[in-house]
Amino acid sequence: MDKPALLEMRGICKEFPGVKALDNVDLTVRPGTVHALMGENGAGKSTLMKCLFGIYHRDAGTIKLDGKEVDFKSSKDALENGVAMVHQELNQALTRSVQDNLWLGRYPKVAGIMVSESIMAKETKKIFDTLEVTVNPKAIMSTLPVSQRQMVEIAKAVSYNSKIIVFDEPTSSLTETEVEHLFRIINMLRDKGCGIIYISHKMEEILRISDDVTIMRDGQWVATRPAKELTMDEIIRLMVGRELTNRFPEKTNKPGDVILDVQHIAGKYTRLKDATFQLRKGEILGIAGLDGSGRTEVLENLFGAMTREGGTITLHGKPIRNRNPKEAIKNGFALLTEERRATGIFGIRDIKENTVISSLKDYLVGGVYLNDKKMKDNTDWAIQAMHIKTPSQHTQIRSLSGGNQQKVILGRWLLTKPEILLLDEPTRGIDVGAKYEIYQLIIDLANEGKGVIMVSSEMPELLGVCDRILVMSGGQVAGEVDARTTTQEEILTLAAKYV
Amino acid sequence: MSNSTKELALKTKSITPKQVGNALLNNALIIIMLLVAAYVAVTQPSFLAPNSLINLLSLTAAYLPVALGIAGCIVLTGTDLSAGRAVGITACVAASLLQATDAANKMWPGIGTLPIPLVILIVVAIGAAIGAFNGFFVAKFKLHPFIVTLATQLILYTILLLYVQQGNNKGMAISGLSAEYRNFVVGNPPILSFGSIQIPNYVIYAVLLTILMWFIWNKTTFGKNMFALGANEEAARVSGVNVFATTIAVFALAGAMYGWAGFVESARIASNTANTGVNYELDAIAACVIGGVSFVGGIGKISGIVIGVIMLRLIFVALPLVGMDQNLQYAIKGGIILFACALDMRKYLVKK
Amino acid sequence: MSNSTKELALKTKSITPKQVGNALLNNALIIIMLLVAAYVAVTQPSFLAPNSLINLLSLTAAYLPVALGIAGCIVLTGTDLSAGRAVGITACVAASLLQATDAANKMWPGIGTLPIPLVILIVVAIGAAIGAFNGFFVAKFKLHPFIVTLATQLILYTILLLYVQQGNNKGMAISGLSAEYRNFVVGNPPILSFGSIQIPNYVIYAVLLTILMWFIWNKTTFGKNMFALGANEEAARVSGVNVFATTIAVFALAGAMYGWAGFVESARIASNTANTGVNYELDAIAACVIGGVSFVGGIGKISGIVIGVIMLRLIFVALPLVGMDQNLQYAIKGGIILFACALDMRKYLVKK
Amino acid sequence: GGAPASTASTATSGGTSTAASTEGGTATATSDLQVDVFYYDFSDVYISSVRTAMDEQLKAMGIEPKNWDAAGSQPTQTDQVKTAITAGSDLLIVNIVETSTSDPAKDIVEAARAADIPVIFFNREVADNEVINSYEKCAFVGTNAPDAGHMQGEMIGEYLLANYDAVDLNGDGTISYVLFKGQEGNAEAEARTQYAVEDANKLLTEGGKPELAYYDSSASTKYLVDTAGKWSAQAANDYMVSLLGSYNEGNNNMVELIICNNDGMAEGAISALQNVGYNNGEGTTIIPVFGVDATDSAKALIKAGNMTGSIKQDAVGMATTINTLVKNVQDGADLMANTDQFVVDSDVDKIRVPYQMYDGTSEE
Ligand SMILES: Nc1ncnc2c1ncn2[C@@H]1O[C@H](COP(=O)(O)OP(=O)(O)OP(=O)(O)O)[C@@H](O)[C@H]1O
Ligand SMILES: Nc1ncnc2c1ncn2[C@@H]1O[C@H](COP(=O)(O)OP(=O)(O)OP(=O)(O)O)[C@@H](O)[C@H]1O
Ligand SMILES: [Mg+2]
Ligand SMILES: [Mg+2]
C-alpha cells in the first residue's frame, strides 16, 4: 500500500428504518488496483457503494477522492467527478437504442441544445472497438439478450473515463467467455491507473482478479487484506464469522425410479428447439450451458410459463400438460425463477403474503375462507427453516437483502409440497453461508424423494450438488454427463456444440 | 414494583418526539377529519344532532359501493373511468324495469313492474359484464386500464344516450318508479329506526356490502391473489395465480358494485337520464386514494376506503354549514387529495 | 436483365403473407382512416372540396396543441387530467386581457387592451406554472400523475369559477374580444390564402408548434432524457439525468401548450366561460394513444399524435356527413381507442 | 335610449325590486332567517347572473344566503338539500337540475314538508303542477318555457318576412337553417327546439313563403345537439366550422339561418361564421343568428349587428320575484302573499317572469 489512496471512505454510517445497514465502515482504494468488496447477503456492500455514488445520503462519515473531501448529492455529481458504477440490478431504458442508453445523461451537443447523433455514433463505435464489444449501437435495448445488455452497461461505466469504477456483481448474468472479456477490460483499466471496486459472490473470480479485499459483515467493516494473503476459506471465515469447512454438504440422496419423462419439448415463441430428458425420484439434475442456450426456457416450458410448440411430458407414467403455472403447481411442480425482483417477489407485500401465495388452497376452510393462524404458522416455519433474517412476518419483503428474499421464495415453494422442483440459478447473488444452506436444503429435498432440476452458471456448484448434468447448447440438449466423473472441460466442449 | 416503574420509564423514554410526529402524520387525515368535525360542531351545534349524523352516514352509504368497487381496480395499479357511466346505465335500466304500472311515459309498457330481486340480478349482471369487458381488454392485451376504461366510458355513453330514447321514453328522464322499489331502497318506514331517527335501508345494505368486501379482500384466495397481482404481476403468474381470470374478476366485481350503486341511486334520486352517474368515478377514486389505496398497486384497506368516503362527504356536508364559499369546495377537495397522497407516499418512498 | 428479374422474384418471394398481414396491421389505423375518408368522399363528394379539407385541417390544428402537450406526460407513463381546465383558465385570462376597449362588461376596464405578445407570454406562463405544479408533486412525492392532475383539475376549477366573477364580469361569458386579437389568431384575411381558400392563422401556428415539438422530442437533450425517464426512471437517475427537473419540465412544457391552446381557443370560439376547455384532455389523450403514444412509457412519435388528432376530427366531421347518428360518435371513438391500443400492444407484448 | 344595461334591467322588471327592499324597512338589519339557495351549476352563465342578483338583494334584506353548487348533478343537489335541512334551514330556494321528470322535485318537497320548511323552485321548471300543489309552502318562479320558443319563432318569422331575399343567399326561394340544441331531454331545450321552427313556419306560410328547410335534408333529427349536454359555445363552434366545410356559398348551399337554444351556442356559431368572413359588421354578409338569454355579450353582438336577436330572460327580475317570496317568509306571511303584480298561473303557484324579445331595436 505504497501509493496514496485514490478513494478513502471513513466511518460511513447509514440507517434504514429498522436496519443499521452500515455501521462505521471504512474502505480505501489505491490507484491501479482492483479492490474486492466481500460479504454475505445484506452485509451492506451495495449500500456502501450507493452512498459513494450519491444514490443514498449517508448519515455519517467522510469520503475523500484523490485527497479531496467529496459529498455527491446525486449520481450526476458522482459521474462528473470521476466515479462510475455498474449496478447490481440492470437499469436501462429498454425502449431506447443502445447508443441512447450509452450517452444518457451526457449527450454530446451542438449549438448548445441539439444532440449530435453523428458524434454519438462515432464515439460509440470508438468505445465498442476498444472494448471489443460487438453490439449494434442502433439496436433497441429490449431486443438484446441480458448478457449483451450487461456488456453495454459495463462499456458505459468504462466510457466515463472515471478514476473509480464500481462493479456490483457484474458477472451474475455473464457467461464464462464474457467474464473473461470483462476481466480483460478490468485489467486494462487497472493498467490505466483506475481504482476498481469489485463486488461478487464468486470466490474464484475474487482471488483471480483482486489486489485487495475488504470484508464486511452485518454492516460492519471486518478486515482489509491484500488478496495474496487470503485463501478462499479465510475469506469465507471472515464473511460468515465462523469456520466453514466444506463449501458443499455431503451428498446423501439416492436417485430412484424415473418419475418425469420429457420428450422433445420445444418453445413456440422462444429459442428452445428440442429437449429430451428424464428425472428420477430423489435425483438432482443439473442443467449447464452458455447464456442463451435455452436453460431457462427448459424450466419455464416445463412449468407452463412459456408456450410449448410440441413435445410430451409424462409424470409417473401419466401424460400431463402443464399449460400454465397454475396447472403445473397442481401437478406438483415448483419454479424458482431467475430474476428475483422481476418475477419473484411481491415487493410491497409482507413476508407472510409472499410466503403463502402459492399454497393458498391449503388454508381454505370450507372452500371460501382462509385460515389466518395456519398461514402465520407456516410463515414462521419458513422463516426458521430457511434462516431468514427479518424483524417480523409483517416486514415488506423488498426491505430484505437479496439473499433473504430468495429464501422467502424458496419457502413459498416448499409450502406447496412440490414433487419436482425447478430451480433457476437458485444461488444467484447469494452469499456462501446461505449457499451452503440452500445446497443442504436441495439435497434434503432429494432425500425426501423429490426430483430437482437445477440450472446454474456456476460450474462448481453443478459438480458439487448434482447427480447428473444436462448440457444445453443452442436451444438443444447437447449431451448428458455424470456429475461425479465429468470435468469442467467436458461440459464446456458440449456447451459449445451447437453454437 | 420498582421493576414495572422502570419498564414504564423505559417505555416512556423510548417514545421520541420523532415517533410522535410520525404517528401524528400517519393518522393526519383522521386527525384533520376529527378537527374539522369538532370545528363544525362548535360553530354549528346542529351538526351533532342525530339527524345530521344520520345524513352524513346516508351520504357515505350512497357513495361507498362505487368506491369499494373501484378500489380493486386501483389495487391492480389500474383505475376505472367507466364507473360513472356504468352507474348511469344500470340506474336507467333499473328504473325502466321498475316504473310503476301507471307511470306517465312508462318506458316498457309491456312488462309491468318486474320483481325487485330479478332487477337486482339484472343490473348487477350488467355491471359485472361491463367490468368483465374492461378486465378482458386489460388482461388480454395488457392495456392500461386508464385507456380501456376511457374507451368503455365513451361506448357506454353512446349506449346510455340510445337507451333513454327507447320505448316510450324519448330521451326524457326515466321516472315514476314503483313505490315498492323506493321502499325497498330507502324504506318508508325503514327497517331500522330509533324514534324519529330513521336510517335509510341503503345504509344497511352498504354496511353488509362493506363486510362482504372486507371478507373478499382479506379472507379469500381471490383477495390474496388480487393483492399479489397488484404488487407484481409476473411474480403472481409464476406463483400460480391465474392472472387473466383474476384481472377479469376484479373488474367484474367492481362492475357488480356499480350495478348495485345504480340500483340504489336510481331509487334514491329518482332522476335517471343520460347524465346519471357522470363523474362518480372521480369522487370514488378520490375517496380511495385519500383512504390510502395506493396507485403503486397492491396496497389498500377496506377501512381506509370507508374513511376516505366519509372524509369527502364530510367536506361536502360541513363546508357549506360553516359558511364556506361553495366555489372553494373543489379546491379543498383537490388540496386534500394532494395532501393525503403526499402523506401516504412517505410510507412507500424508498428512503435515500 | 435475368439477374434483376431473379432478384425481384426473390424479393417477391420473401414477402410472406404473414409479413403483408403484419404490415397491414401495423398501419391499420392509417388504412382505416383512408378507407373512411374514401367512403365519405364517395357518398359526399363535397367532402373532398378544398373548403372541406381546410375545415378538417383547422379543427385538427385547434386540437393539436393540447395533444402535443399531454403526449409528453404520457411518455412519462403519466397522464394529465388538468389539461382542459388549464385551457379554460388561460382562455379566460387571454380573453379578459384582450377585450376590446368598448366591450360591454369589459372585465378589467382599467387596462385597455394589452399588447398581444405580452398576453401570449402571460397565458403561456400561467399554463407552464400549472404544469410545473403538477410536475412538482409528481416528481417530489412520486405521486401518480393521474391523481395529482385530478386534484389540480379540481383546484383549477375553483380558480376558474372565481376568476370569471372578478372585475365587471360577474360570471358572464368573457367576450367582445378586440379585433386585432381575433385577427391575429384567425386572420381576416389570414396570412395564407389561395384564392377563396383561406387558411386560418392558427393552422400555421399549429404547424410551427408541431415542428418545434418534433425538434424538442428528437433533437434535444431534454427530449432524449424525457424518453429515457419514461422508459426507466431509475436508469435515467443513475445515468445522471436530473429526474426531478426533467419531470417538472415535461409537465411545464405541456402546460405551456395548454396556455397556447387557451389563447387560440379563446379567440376561435369567442365565448369564454367557466366551462371552456372542459374535457379537452380526454380527446387529447385519446388522440395520443390512437397515435401510438403508449402508456407503457418511453414510446411515442409526433407524427403519430398528428395522425391521432386528424383521426378523431375525421370521425367528428365525417359522421354527420354520411348521415350517421351523432350519438354513435362516442362509441366509435371508444372503439377506435380500444382497437388502436390493442393493435399497438402487439408490438410490446413479449410472447413467451 | 342608451342607458347603461344595469339600470335598464331594473326598469324592465317593473319596479318590483324596490318592493322587496323598501318593504323590508331597515334593509340592512340582519335576519336570522337561514336561506339556502341551490344552483344547478355555478358555471352556467345565465345562472351566474341570477346568483349575483340574488346575493345582492338578499344581503340588502339582511339575509346571508348559503349557496350550493350542484355542478349539474341531481344526486349532488338532492344530497345538498337534505344536508341543508338537517342543518336547520328555514327556506329552500331550488334551481332544480332535473327538468325532464318531477320526481326529484317531489322528493325535495316531501323532505321540506317533513321539516316544515318552505321551498321555492326557480328557473328550471318543475313540470308537474301536482308537485307544487302538494305542499302549501311551495312555489315556482320562472318563465313559461315554451314562451321562449314561441317568441323566438315569432321573431324569426317576422325577421325573415322583412328580409327574405337578403337572407335567401342562393335565391332558391327557401331558407335553409341549422338549429343547435343544448341538451337532449331538457324541457326548455325541447320546447325551444320545437316552437322556434314551428312558429316561424306558421308566420312564413301565412306570409306566402315556403317553410324553413333544414340544411341537410336527409338528417333524421332536425337539429345538432351538444351531446355532452353542456349547451356549449365550443360544441356549436365545432359543428358550425365542420358544417361550413361542406355547406358554403361556394357550393351554393350555404346555411342561411342559425337558431340556437342559448346565446353561448349562438356566440360559438357566430365566431365560426366570423372566421370565414361573415357577420363581421357592416359590409359583410350577415347570416341571421338567433339565441336565447340575451346575455351581455349577446346583446353586444346584436348591437354591433353581428347577431340578429335573442330572447331575454330577466335575471334581476327573476331574483326580485323570488325575493318577494323570501320576504313573505321573513315576515311570516303566506308564501304567495303580495304577488298580485306578477303573472301567476291560475291552477298552481307558479309565477311567470315574462320573456322579452331582444333585437337591435330594443330599448337599452
Ligand atoms: N432502501 C432500503 N430500505 C430499507 N432497507 C434497506 C434498503 N436497502 C438496503 N436495505 C437493507 O440494508 C442492508 C444491506 O443491504 P445491501 O443491499 O447493501 O446488501 P448487500 O451486501 O449488497 O447484499 P447482496 O449481496 O444481497 O446484494 C440489508 O439488511 C437490507 O435489507
Ligand atoms: N421472447 C423472446 N423473444 C426473442 N428472444 C428470446 C425470447 N426469450 C428469450 N430469448 C432469447 O433466447 C435465448 C435463450 O434465453 P434463456 O433465458 O433461455 O437463456 P439461458 O440459457 O437460460 O440463460 P440464463 O443463464 O441467462 O438463464 C436468449 O438469447 C434470449 O435473449
Ligand atoms: Mg448488493
Ligand atoms: Mg336558399
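Since this is a predicted model, take the numbers as computed values, not measurements. Chain letters run A, B, ... following the sequence lines, proteins first and then strands; every chain starts at 1.
Ranked by heavy-atom pairs shorter than 4.5 Å toward chain C, the options D:Val225, D:Val45, D:Thr221, D:Asp69 are led by D:Val45. Counting heavy-atom pairs closer than 4.5 Å to chain C, the top residue among D:Asp263, D:Asp238, D:Ile270 is D:Asp238. Among C:Asn275, C:Thr273, C:Leu56, C:Asp102, the residue making the largest number of heavy-atom pairs under 4.5 Å with chain D is C:Asn275. In terms of heavy-atom pairs under 4.5 angstrom with chain D, the leader among C:Ala270, C:Ser46, C:Ser271 is C:Ser271. Interface summary for chain D: among C:Gln44, C:Arg313, C:Gln165, the most heavy-atom pairs under 4.5 angstrom belong to C:Gln165.
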What do the steps show when you test D:Tyr239 against C:Phe316 for ring-ring contact (aromatic ring centres under 6.0 Å, His included), and what is the final call? CA-CA 9 Å; D:Tyr239 275 130; C:Phe316 177 82; 5.6 Å; yes
For D:Met240 and D:Leu273, what are the C-alpha separation, side-chain angles and deciding distance, and is it a side-chain contact (heavy atoms from CB on, under 4.5 Å)? CA-CA 8 Å; D:Met240 199 64 215; D:Leu273 286 172; 3.9 Å; yes
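Contacts between C:Ile54 and chain D at a heavy-atom distance below 4.5 Å are absent for every atom of the residue. Of the two parts of D:Asp216, only the side chain, counted from C-beta on, holds a non-hydrogen atom closer than 4.5 Å to a non-hydrogen atom of chain C. Residue D:Ser220 does not touch chain C at all, counting heavy-atom pairs closer than 4.5 Å. Neither the backbone nor the side chain of C:Ala103 has a heavy atom closer than 4.5 Å to any heavy atom of chain D. Interface remark: D:Asn253 contributes no atoms to any contact with chain C (heavy atom separation under 4.5 Å). In this structure, chain C has no heavy atom under 4.5 Å from any part of D:Tyr46.
A donor-acceptor contact shorter than 3.5 Å is absent between the side chain of D:Ser271 and the backbone of D:Glu267. C:Ser52 places a side-chain N or O within 3.5 Å of a backbone atom of C:Phe47 that can act as its donor or acceptor partner. For C:Asn272 (side chain) and C:Cys92 (main-chain N/O), no donor-acceptor pair under 3.5 Å exists by modelled atom type. Judged purely by atom type and a 3.5 angstrom limit, D:Arg124 uses its side chain to pair as donor or acceptor with the backbone of D:Val97. Judged purely by atom type and a 3.5 angstrom limit, C:Thr149 uses its side chain to pair as donor or acceptor with the backbone of C:Leu81. Looking at D:Asp226, its side chain does come within 3.5 Å of a backbone N or O of D:Trp231 through a donor-acceptor pair. Listed for the D:Ser176 side chain is a donor-acceptor partner under 3.5 Å among the backbone atoms of D:Met254.
In this view, D:Asp44 satisfies the salt bridge (charged side-chain N to carboxylate O under 4.0 Å, His left out) rule with no residue, not counting sequence neighbours. In this structure, the salt bridge (charged side-chain N to carboxylate O under 4.0 Å, His left out) partners of C:Glu265, at least two apart in sequence or on a different chain, are C:Arg268.
Classified by interplanar angle (parallel below 30°, tilted 30° to 60°, perpendicular above 60°), the ring pair C:Trp260/C:Tyr205 is perpendicular.
Within 6.0 Å of NZ in D:Lys222 there are more than 12 heavy atoms belonging to other residues, nucleotides or ligands.
Taking the ring centre of D:Tyr358 as origin, the terminal cationic atom of D:Lys312 falls outside the region bounded by 6.0 Å and 45° from the ring axis.
Residues of residues 275-295 of chain D lying under 4.5 angstrom from chain C, judged on non-hydrogen atoms, are D:Asn275, D:Asn280, D:Thr295 in numerical order. Residues of residues 242-252 of chain D that come within less than 4.5 angstrom of chain C, heavy atom to heavy atom, are D:Ser242, D:Gly245, D:Ser246, D:Asn248, D:Asn251 in numerical order.
The CD1 atom of C:Ile111 lies 7.0 Å from the OG1 atom of C:Thr113; values are rounded to the nearest 0.5 Å.
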